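To start, the structure under review is shown below, and the notes come after it.
Small disclaimer: the values here were computed from a predicted structure and weren't measured. The residues of the chain are indexed from 1 along the displayed sequence. These values consider heavy atoms only, across backbone and side chains, with no hydrogens, waters or symmetry-generated copies.
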Amino acid sequence: QVQLVESEGGLVQTGGSLRLSCAASGSISSINAMAWYRQAPGKQRELVAHITTGGTTRYADSVKGRFTISRDNAKNTVYLQMNSLKPEDTAVYYCACRAALKWYWGQGTQVTVSS
């Protein structure tokens with residue numbers, strides 16, 4: 001069992017920045033990847049960014065050049081730095097990790113970008 005606790009999101013102006021964090025606890029020794037997903041109203045949950053324990057990253061095309069995923073393995077924490085935010089980035093953001101062939105999810109946090 002893995003538990004994920006996310007920091008709170010917030011309301012940000014277009015062009016602004018926000019940093020999210022997610023801390024893992026529990027049976028964390030088998031975690032081999034962490035990721036951020038988001039779900040906007042009326043849309044399916046989509047992958048935003050993905051990072052392996054070794055630090056290899058992947059991003060959705062819509063956020064490349066604006067978002068950065070990073071991790072601190074010693075703290076079992078993953079971060080999402082969001083820059084140049086747009087109204088279409090408005091969504092509930094979820095962190096996730098893979099451990100023992102299962103995916104675990106954070107509680108979700110609302111990010112709203114005002115125009």
Side-chain angles (χ1 to χ4, degrees):
Q1 185 77 28
V2 176
Q3 296 82 44
L4 300 173
V5 179
E6 301 178 35
S7 62
E8 65 178 279
L11 176 62
V12 186
Q13 290 183 321
T14 296
S17 298
L18 187 67
R19 190 185 193 189
L20 303 179
S21 64
C22 176
S25 62
S27 301
I28 59 176
S29 62
S30 62
I31 294 175
N32 57 20
M34 301 190 77
W36 288 95
Y37 288 75
R38 67 186 181 187
Q39 188 166 24
K43 293 188 175 182
Q44 297 294 317
R45 189 173 298 184
E46 64 175 348
L47 177 66
V48 176
H50 176 278
I51 187 168
T52 68
T53 303
T56 301
T57 59
R58 296 176 60 197
Y59 297 93
D61 288 341
S62 60
V63 307
K64 285 181 179 178
R66 300 189 298 120
F67 290 11
T68 302
I69 187 171
S70 62
R71 85 284 179 273
D72 185 334
N73 288 335
K75 296 181 179 180
N76 300 308
T77 300
V78 63
Y79 304 91
L80 185 67
Q81 178 67 47
M82 302 182 290
N83 298 325
S84 302
L85 283 162
K86 306 174 180 179
E88 51 262 46
D89 295 318
T90 295
V92 176
Y93 284 71
Y94 300 87
C95 68
C97 72
R98 188 180 184 184
L101 304 180
K102 290 185 62 178
W103 282 96
Y104 298 87
W105 297 91
Q107 78 276 15
T109 188
Q110 178 71 45
V111 173
T112 301
V113 183
S114 62
S115 60

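Scanning all heavy atoms of the two residues, the minimum distance from T109 to G9 falls at OG1-N, 2.6 Å. Nearest heavy-atom pair across S17 and S84 is OG-N, 4.4 Å. Contact detail for R71 and I51: the closest heavy-atom pair is CD-CD1, 3.2 Å. Of all the heavy atoms in G10 and L18, the pair that sits closest is N-CD2, 4.1 Å. The shortest heavy-atom contact between T68 and Y59 is CA-OH, 3.4 Å. K75 approaches T77 most closely through the heavy-atom pair O-OG1, 3.0 Å.
Side-chain atoms of S7 come within 3.5 Å of backbone atoms of S21 as a donor-acceptor pair (strictly under, hydrogens ignored). Remark: the backbone N or O of S114 is paired with a side-chain donor or acceptor of T14 at under 3.5 angstrom.
E46 is listed as a side-chain neighbour of R38, based on a closest heavy-atom distance under 4.5 Å. Contact of the E6 side chain with the L20 side chain is not registered, since no non-hydrogen atoms from C-beta on lie closer than 4.5 Å. Looking at T90 and Q110, their side chains come closer than 4.5 Å, going by heavy atoms from C-beta outward.
Relative orientation of the Y94 and W105 rings is perpendicular, given thresholds of 30° and 60° on the angle between their planes.
Put simply, CD on Q107 and CD on Q3 are 12.0 Å apart, with the number rounded to the nearest 0.5 Å.
Residue V63 is tested with I69, N83, V48 for a side-chain contact (heavy atoms from CB on, under 4.5 Å); the sole match is V48.
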Which donor-acceptor pairs under 3.5 Å do side chains of residues 23-37 form with protein atoms, sequence neighbours excluded?
from, atom 1, to, atom 2, distance (Å)
W36, NE1, Y79, O, 3.4

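A salt bridge is absent between D89 and K86: the closest approach of a Lys/Arg side-chain nitrogen to an acidic carboxylate oxygen does not fall below 4.0 angstrom.
Applying the under-4.5 Å side-chain rule to Ile, Leu, Val, Met, Phe, Trp and Tyr, the cluster around L101 consists of that residue alone.
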